Amino acid sequence: MAVTRPDATAVVVTHNSARQIVAALTALREADLPVRLVDNASRDDTVDLVRRHFPEVTVLPSAENLGFAVAVNRAAAGVDTAVLLLVNPDCVVPPGTVSELVRAVADRPGVAGPRLVDAAGRVAVSAHPFETLTTVVASRFGGLLVPVPLRRWLSGRQRREAYDACLRGARPTPVDWVSGACLAVHTGLFTAVGGLDEAYFMYYEDEEFCLQARRRGAEVLYLPGVSACHTGGASSSDPVWIWPHLYRSMLLFFSRHRPRTRHAVRAVVLLRALVGIALAGVRLSLQPRAGVARMRAWTRVGRIAVTRLPSGGKL
């Protein structure tokens, strides 16, 4: 009996992803998915490697890094399958997971994400409620500063339910948003929303997209019955690069959708940056290279916290 090819196209964005991309594309090949890959100005051999080992992949190189959202929208342009499957280059999606994700959204506009696990099989929390001031405080001052039980209490009922669904859930669960590391979306819905919001260079574009999808009456589903392995760090682990993008996107999201608390969130980010700068100063004598990197990263975050962002829209 012939196996029906999933009516879906995988979209992958790479940036210096040579170490991870082979595993990700091998899994997509096993799932018999066409792949459109945009490379955001890699300085390693990502593009040559993909062209050499995966000639069936459509490679769209970019001379400069224009960000994740821009790259996804470029790859998705003109796709005629029923479903788009966004896959990070550090995410391995088994064929069975692909089939279930496609099935969940192929016949009705919606978004679906699988359970994400790391290389050791530990479950990642990848389904969330939309962020609030309290969730930002709980997450940004986590670790040793705020014990896990207190963080869970501060996060509220919705976040605890999403956390429990990720760790112990078994059935498809409606949630506010799912991680863009592996996300299936009905192509018609993707087009109706206008693709990913290109105001976000990276981070928060998945939360923004799910928000806009839900505003159009679409359902966002978390599917704990299937999983994908997400190792993380495919593009960069440099805090000087990562953290400023993360916090700028956070402030943009709150400026747009949480106008009443955006100034409080800005203050939280600034306080976190000051704490980070102080801790980096302590680290300098013990780990000079890491201390300098963290000092530069938190200094940039602090500058972003005092930069004015446009407001608009309500959640």
Side-chain angles (χ1 to χ4, degrees), residues 4-42 44-95 97-106 109-114 178-198 200-202 205-206 209-210 213 228 230 234-235:
T4 303
R5 185 180 198 180
D7 189 10
T9 299
V11 168
V12 180
V13 177
T14 53
H15 176 69
N16 299 329
S17 308
R19 290 182 301 167
Q20 297 88 0
I21 193 60
V22 170
L25 293 182
T26 298
L28 294 174
R29 175 187 280 170
E30 292 172 354
D32 197 24
L33 279 188
V35 179
R36 293 174 62 84
L37 183 149
V38 172
D39 182 78
N40 263 338
S42 288
D44 62 8
D45 62 342
T46 296
V47 172
D48 290 340
L49 187 154
V50 172
R51 285 175 168 165
R52 186 166 62 251
H53 295 286
F54 301 92
E56 74 277 13
V57 171
T58 299
V59 179
L60 304 169
S62 175
E64 58 181 313
N65 188 350
L66 298 176
F68 180 74
V70 172
V72 167
N73 292 344
R74 181 185 177 196
V79 167
D80 59 3
T81 54
V83 176
L84 285 168
L85 182 67
L86 277 56
V87 180
N88 277 12
D90 52 9
C91 191
V92 176
V93 191
T97 298
V98 169
S99 297
E100 289 301 315
L101 290 172
V102 171
R103 185 178 296 115
V105 300
V111 179
V178 291
S179 170
C182 180
L183 180 155
V185 56
H186 189 281
T187 304
L189 175 63
F190 187 86
T191 302
V193 171
L196 298 188
D197 192 320
E198 297 180 2
Y200 298 92
F201 185 88
M202 61 189 299
E205 68 287 314
D206 44 10
F209 182 84
C210 289
H230 182 224
S235 297

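Because only heavy atoms are used, hydrogens play no part in the values below, and waters and symmetry mates are left out as well, while side chains stay in. Computed from a predicted model, the values in this text were never measured in an experiment.
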>> Please determine whether side-chain contact (heavy atoms from CB on, under 4.5 Å) holds for the pair Leu37 and Thr14, giving the CA-CA distance in whole Å, both sets of side-chain angles, and the decisive distance to 0.1 Å.
In response: CA-CA 7 Å; Leu37 183 149; Thr14 53; 3.5 Å; yes
>> Show, in sequence, the C-alpha distance, side-chain angles and deciding distance for Leu85 and Leu101, and conclude whether the side-chain contact (heavy atoms from CB on, under 4.5 Å) test is met.
In response: CA-CA 8 Å; Leu85 182 67; Leu101 290 172; 3.8 Å; yes
>> Pair Val12, Arg36 - check side-chain contact (heavy atoms from CB on, under 4.5 Å), show working.
In response: CA-CA 6 Å; Val12 180; Arg36 293 174 62 84; over 6 Å; no
>> With side-chain contact (heavy atoms from CB on, under 4.5 Å) as the criterion, how do Val72 and Val38 come out once you've worked through the C-alpha distance, each side chain's angles and the decisive distance to 0.1 Å?
In response: CA-CA 7 Å; Val72 167; Val38 172; over 6 Å; no
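Looking at heavy atoms from C-beta onward, Pro6 lies in side-chain contact with Leu33 at the 4.5 angstrom threshold. In this structure, Val111 and Leu189 have side chains that are in contact, with non-hydrogen atoms separated by less than 4.5 Å. Looking at heavy atoms from C-beta onward, Val79 lies in side-chain contact with Leu84 at the 4.5 angstrom threshold. Looking only at side-chain heavy atoms (C-beta outward), Val178 and Asp206 stay at 4.5 Å or farther from each other. Inter-residue side-chain proximity for Val87 and Val11 is flagged as unmet; no heavy-atom pair is nearer than 4.5 Å. The side-chain heavy atoms of Thr9 and Val35, taken from C-beta on, include no pair separated by under 4.5 Å. Asn73 places a side-chain heavy atom less than 4.5 Å from the side chain of Glu198.
Smallest separation of non-hydrogen atoms from Gly67 and Asn40: O-ND2, 3.1 Å. Annotation for Ala10 and Leu28: closest pair CB-CD1, 3.9 Å, computed over non-hydrogen atoms. Nearest approach of Ala75 to Leu60, heavy atoms of both residues: CA-CD1, 4.2 Å. Minimum heavy-atom separation, Val83 to Ala106: CG2-CA, 3.7 Å.
Residues forming a side chain to side chain donor-acceptor pair (under 3.5 Å) with Asp44 (at least two apart in sequence, or on another chain): Thr46. Not counting sequence neighbours, the partners of Phe190 by the ring pair (Phe, Tyr, Trp, His ring centres under 6.0 Å) test are Phe209. Applying the side chain to side chain donor-acceptor pair (under 3.5 Å) rule to Glu30 yields no partners; only residues at least two apart in sequence or on another chain are considered. Looking at residues two or more places apart in sequence or on another chain, you find a side-chain contact (heavy atoms from CB on, under 4.5 Å) between Ala104 and Ala112, Leu223. The side-chain contact (heavy atoms from CB on, under 4.5 Å) check on Val47 picks up Asp39, Arg51, Val59, with sequence neighbours excluded. The side-chain contact (heavy atoms from CB on, under 4.5 Å) test applied to Phe54 returns Val22, Leu25, Thr26, Arg29, Val50, Glu56, Val57, not counting sequence neighbours. Taking Leu66 as the reference, Ser62, Glu64, Val70 meet the side-chain contact (heavy atoms from CB on, under 4.5 Å) condition, with sequence neighbours excluded. When the ring pair (Phe, Tyr, Trp, His ring centres under 6.0 Å) test is applied to Tyr200, no partner is found at least two apart in sequence or on another chain.
Residue pairs meeting the side-chain hydrogen bond (donor to acceptor under 3.5 Å, both in side chains) criterion with at least one member in residues 179-190: none, sequence neighbours excluded.
Under a 3.5 Å cut-off, the side chain of Ser17 and the backbone N or O of His15 do form a donor-acceptor pair.
Note that SG of Cys182 is 11.0 Å distant from CG of Asp90, once rounded to the nearest 0.5 Å. Rounding to the nearest 0.5 angstrom, the gap separating the CE atom in Met202 from the CG atom in Leu196 is 13.0 Å.
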